[in-house]
Amino acid sequence: NPEKVAGYGKRKVNILLKDAGIIRSQSKIHGAIASAQAWLELMEGGKGSFNDFLWKHVKHKTIINKWKIESQIPAATPISEAMAKDLKKHHFKFVGPTICYAFMQAIGMVNDHLVSCPQYKTVQQT
């Protein structure tokens with residue numbers, strides 16, 4: 001809930017730093033707050049949906065790779081580097097190219113299943 005997280009202050013940060021259920025890093029907590037604020041600014045700026053903001057990097061179409069062995073799968077790509085740069089330009093934190101690429105894989109912006117994987121064709125058809 002970006003609206004809620006964006007309003008977290010020192011008291012809430014101190015509570016979170018004691019929460020064993022999360023990564024208790026002050027910089028990451030402050031980064032999450034800053035990213036929530038950045039999301040709100042981006043949405044208030046009339047730039048469309050966040051979905052469109054992200055998917056524009058792949059021209060709103062899943063990239064389908066044809067990897068045969070795991071060692072071919074990259075940790076980052078020029079597209080994930082551009083996405084990270086764009087997010088950072090809008091004041092998001094902890095959004096490097098590797099994190100962005102993992103996110104792109106997770107949400108289906110890129111199909112990096114090996115061609116031998118049963119999920120390869122399933123993802124390709126969505």
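For residues 78-107, the salt bridge (Lys or Arg N to Asp or Glu O under 4.0 Å) pairs, not counting sequence neighbours, are Lys56-Asp86, Asp86-Lys89. The stretch residues 4-31 participates, sequence neighbours left out, in no salt bridge (Lys or Arg N to Asp or Glu O under 4.0 Å) pair at all.
The distance from atom NE2 of His113 to atom CD1 of Ile73, rounded to the nearest 0.5 Å, is 9.0 Å. Taken from CE in Met104 to CD1 in Ile99, the straight-line distance is 13.5 Å, to the nearest 0.5 Å. Note that CD1 of Ile79 is 3.5 Å distant from CD1 of Ile63, once rounded to the nearest 0.5 Å. Residue Phe103 holds its CZ atom at 12.5 Å from OG of Ser80, rounded to the nearest 0.5 Å.
Residues Ala84 and Pro97 share a closest heavy-atom pair of CB-N, 3.7 Å. Closest of all the heavy-atom pairs between Ile64 and Tyr120 is CG2-OH, 3.3 Å.
In this view, Phe50 and Trp39, Leu42, Met43, Phe53, Leu54, Leu87, Phe92 satisfy the side chain to side chain contact (heavy atoms under 4.5 Å, CB included) rule, not counting sequence neighbours. Annotation: side chain to side chain contact (heavy atoms under 4.5 Å, CB included) contacts of Glu70 (sequence neighbours excluded): Leu114. Taking Ala32 as the reference, nothing meets the side chain to side chain contact (heavy atoms under 4.5 Å, CB included) condition, with sequence neighbours excluded. Residues satisfying the side-chain hydrogen bond (donor to acceptor under 3.5 Å, both in side chains) criterion with Thr98, sequence neighbours excluded, are absent altogether. Under the side-chain hydrogen bond (donor to acceptor under 3.5 Å, both in side chains) criterion, Ser116 pairs with no residue, sequence neighbours left out. The side chain to side chain contact (heavy atoms under 4.5 Å, CB included) test applied to Glu41 returns His91, not counting sequence neighbours. Under the rule for a side-chain hydrogen bond (donor to acceptor under 3.5 Å, both in side chains), the partners of Gln105 that lie at least two apart in sequence or sit in another chain are Asp112. Asn51 meets the side-chain hydrogen bond (donor to acceptor under 3.5 Å, both in side chains) test with Trp55; sequence neighbours excluded.
Residues Asn65 and Val110 meet the side-chain proximity criterion, which asks for heavy atoms closer than 4.5 Å. Inter-residue side-chain proximity for Ser35 and Phe94 is flagged as unmet; no heavy-atom pair is nearer than 4.5 Å.
Summarising the hydrophobic clusters (Ile, Leu, Val, Met, Phe, Trp, Tyr; side-chain heavy atoms under 4.5 Å, direct or chained), the residues clustered with Leu17 are Val5, Tyr8, Val13, Leu16, Ile22, Ile29, Ile33. Other members of a hydrophobic cluster containing Ile69 are absent, since no ILVMFWY side chain comes under 4.5 Å of it, directly or through relayed contacts.
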**Study point:** Derivation of the side chain to side chain contact (heavy atoms under 4.5 Å, CB included) call for Val115 and Trp67
**Key:** CA-CA 6 Å; Val115 292; Trp67 309 127; over 6 Å; no
